[in-house]
Amino acid sequence: FVAYCLIPLVVDKFGYTKEEAKSILSCFVAIDQVVNIAFGSVWGWISEGFWGRKAVFSTGLAVMAACIGTFPFASAGVHPMAVGWRSFGLMRFLFGFGASACNVMFLAVASDYANEAAGSGIVAGGAGFAAGLGAVFSVVCMQRIRSYRVMCFSMAVAVGISSAICLLC
């Protein structure tokens with residue numbers, strides 16, 4: 001959903017067409033997944049050995065919020081692999097780093113409920129419901145915001161609040 005909302009940023013700030021923006025953002029989503037593969041086990045190890053699940057989940061959300069909030073300040077070059085794109089690519093890398101913490105911790109929390117008869121269904125249903133709400137909110141609300149800065153800052157605040165709730169609950 002975040003990549004979809006970044007299309008106006010890449011179009012308005014960097015001057016690409018919507019089709020080019022979708023292609024560029026697809027590359028960055030791939031970066032997120034590579035980071036997820038690379039750091040998923042690290043986050044699991046940290047949660048079991050040092051911080052605990054709430055702290056890792058909250059940290060992941062906080063990193064994602066910081067990255068989303070700084071997306072409007074990224075610079076771009078002529079081509080996604082050009083030097084200017086490194087700041088935007090780095091932000092997407094760090095976003096993926098935070099997202100990998102959230103993915104791993106969600107799986108850990110869901111497995112905690114797997115031993116309870118009704119628990120795993122509630123967690124899976126809640127996750128599906130939340131993902132659906134996020135997609136609808138992204139398409140219906142966020143795309144109506146004309147300023148990519150306001151859009152990014154709004155998303156950053158929402159994710160930051162989620163981070164705080166995760167840490168406190």
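Heavy-atom basis, side chains included; hydrogens, waters and symmetry copies ignored.
Residues F57 and W45 fall within the same hydrophobic cluster, defined by Ile, Leu, Val, Met, Phe, Trp and Tyr side chains chained together at heavy-atom separations under 4.5 Å. Following chains of ILVMFWY side-chain contacts shorter than 4.5 Å, one can reach F106 starting from F95, so the two form part of one hydrophobic cluster. Taking hydrophobic clusters as Ile, Leu, Val, Met, Phe, Trp and Tyr residues chained together by side-chain heavy-atom distances below 4.5 Å, M105 does not share a cluster with L167. Residues V150 and M155 fall within the same hydrophobic cluster, defined by Ile, Leu, Val, Met, Phe, Trp and Tyr side chains chained together at heavy-atom separations under 4.5 Å. Under the 4.5 Å side-chain heavy-atom criterion for Ile, Leu, Val, Met, Phe, Trp and Tyr, V56 and F50 are members of the same hydrophobic cluster.
For the pair E48/R53, a side-chain contact is recorded, criterion being any heavy-atom separation below 4.5 Å from C-beta on. The closest side-chain heavy-atom distance from W43 to W51 is below 4.5 Å. A 4.5 Å side-chain heavy-atom check between F153 and P72 finds at least one atom pair inside the cut-off. When side chains are defined from C-beta on, V104 does not count as touching S47, because their heavy atoms never get closer than 4.5 Å.
Going from atom OG of S100 over to atom CD of Q33 covers 10.0 Å, rounded to the nearest 0.5 Å. Between atom CZ of residue F39 and atom CG of residue N103 there is a gap of 14.0 Å, rounded to the nearest 0.5 Å. Here the straight-line distance linking atom CD1 of I161 with atom CG of L61 works out to 12.0 Å at 0.5 Å rounding. Interatomic distance, CZ of F97 versus CD1 of I31, reported as 15.5 Å (0.5 Å rounding).
Summarising the geometry of M64 relative to V159, their closest heavy-atom pair is CB-CG1, 4.2 Å, with the distance given to 0.1 Å. Here the closest heavy-atom approach between residue R92 and residue V29 is recorded as NH2-CG2, 4.0 Å. A pairwise comparison of heavy atoms in M91 and F73 identifies CE-C, 4.4 Å as the closest pair. Nearest heavy-atom pair across C152 and I68 is O-CG2, 3.2 Å. Minimum interatomic distance between G160 and A65 (heavy atoms only, all atoms of both residues): N-CB, 3.6 Å. Contact record, L94 with V63: O-CG1, 3.3 Å, taken as the closest heavy-atom pair.
Side chain of S58 to main chain of A55: no donor-acceptor pair is present (N/O by atom type, distance under 3.5 Å, no hydrogens or angles).
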